[in-house]
Amino acid sequence: MKIIMLGAPGAGKGTRAAVAAAHYNMPHISTGDIFRANLKEGTELGLRAKEYMDAGELVPDELTVEILLSRVTQKDCEGGYILDGFPRTIRQAEVLEAELKKLDDKIDFAIDIDVPDDVIEVRMTGRRVCTKCGATYHIVHAPTAKDGICDACGGEVVQRKDDAPETVRQRLRVYHEQTQPLIAFYKERGILKWIDGCGPLDDALADVIRVLE
Ligand code: AP5
């Protein structure tokens with residue numbers, strides 16, 4: 001099964017993709033995480049992506065598409081995968097569709113996680129992430145047991161630079177202009193599913209299972 005998680009920044013794509021990937025035993029592929037991992041390693045890709053990410057803009061397609069395609073053609077993706085944060089433009093979706101078609105393959109479901117912008121703004125400013133394993137927390141809805149320390153690995157938990165309020169507003173503008181049209185794109189293909197992203201976090205996995213099965 002090949003699944004795409006759609007939704008605004010902070011809608012809960014990563015949270016739901018992580019629990020669903022563990023449940024279905026499939027790789028969880030986040031282009032944002034790939035860029036952040038590259039930045040941590042100081043690669044040229046990471047440094048180039050940082051400029052765009054810090055400004056709340058999309059990383060150009062020529063950097064994004066190739067890295068995603070090389071990831072989904074690895075052996076562990078043969079049985080399926082969950083994409084989180086890709087595609088983000090109609091062009092990215094078209095390239096993915098064309099490349100999969102060459103392999104006689106296709107995306108099975110695109111799940112749109114719907115959350116109003118005002119809820120997103122509150123969420124993002126409260127989000128904290130582990131610098132070591134990438135686990136996501138929220139200071140109110142999903143706090144760590146010990147302040148600033150990851151429950152999963154003991155790493156340091158910090159706020160992402162692009163979660164600053166003005167950058168979040170810019171990311172939302174970019175989402176509405178460039179990414180939201182993907183909802184119609186996948187609806188036309190008859191594979192769009194919908195989740196109310198304002199439900200409790202405890203239901204994150206159940207919500208995904210309900211729309212897929
Ligand atoms: P990326 O890392 O993909 O960021 P994003 O899409 O903006 O998504 P987020 O990770 O911010 O949020 P999310 O929807 O995963 O929500 P989460 O589960 O963490 O991309 C970063 C940047 O990289 C982009 O801005 C762009 O520059 C670049 N990039 C990446 N992919 C690209 C591409 N394909 N093309 C071009 N550029 C690309 O949840 C958020 C918070 O809310 C958490 O604290 C969570 O605990 C909490 N929460 C979630 N659900 C709930 C709930 N139901 N109730 C209460 N709290 C909740």
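This one's a predicted model, so the numbers in the text were calculated from it and none came from an experiment. Just so you know, ligand 1 is whichever comes first in the structure, and atom 1 is the first atom listed for that ligand.
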Nearest-contact summary for [atom] - protein heavy atom, Å:
{"atom": "atom 31 (N) of ligand 1", "value": "T31 OG1, 2.7 Å"}
{"atom": "atom 34 (N) of ligand 1", "value": "G85 O, 2.9 Å"}
{"atom": "atom 26 (C) of ligand 1", "value": "E57 O, 3.6 Å"}
{"atom": "atom 18 (O) of ligand 1", "value": "T15 OG1, 2.5 Å"}

Is it the case that ligand 1 has an N or O less than 3.5 angstrom from some N or O of [X]?
{"X": "D33", "answer": "no"}
{"X": "L201", "answer": "no"}
{"X": "A11", "answer": "yes"}
{"X": "G12", "answer": "yes"}

Should we say atom CZ of R48 is surrounded by more than 12 heavy atoms from elsewhere, each under 6.0 Å from it?
no

Given that the side chain starts at C-beta and the backbone is N, CA, C, O, which of these parts of [X] lies under 4.0 Å from ligand 1, counting heavy atoms, or is it both or neither?
{"X": "A204", "result": "neither"}
{"X": "F35", "result": "side chain"}
{"X": "M5", "result": "neither"}
{"X": "T136", "result": "side chain"}
{"X": "V59", "result": "both"}

Ligand 1 contacted by [X] (non-hydrogen, < 4.0 Å):
{"X": "R128", "answer": "no"}
{"X": "A8", "answer": "yes"}
{"X": "Y137", "answer": "yes"}
{"X": "G199", "answer": "yes"}

Of all the atoms in ligand 1, which lie at a distance below 4.0 Å from a heavy atom belonging to [X]?
{"X": "G14", "value": "13 (P), 15 (O), 18 (O)"}
{"X": "M124", "value": "11 (O)"}
{"X": "H141", "value": "55 (C), 56 (N)"}

Within a strict 4.5 Å, meaning less than it, do heavy atoms of the V208 and M5 side chains meet?
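Sidechains of M5 and V208: in contact.
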
Which option out of [options] puts a heavy atom nearest to [atom]?
{"atom": "atom 4 (O) of ligand 1", "options": "R160, R16, K13, Q92", "value": "R160"}
{"atom": "atom 10 (O) of ligand 1", "options": "R127, H138, R171", "value": "R127"}
{"atom": "atom 3 (O) of ligand 1", "options": "R36, M53, R88", "value": "R88"}

Quick one: OG1 on T144 to CG on D151, what's the gap to the nearest 0.5 Å?
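Answer rounded to 0.5 Å: 6.0 Å.
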
Tell me yes or no: between the side chains of D117 and H176, is some donor less than 3.5 Å from an acceptor?
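The answer is yes; a qualifying pair exists.
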
Geometric cation-pi criterion R189 and F185, 6.0 Å radius, 45° cone:
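The answer is yes; both the distance and angle limits are met.
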
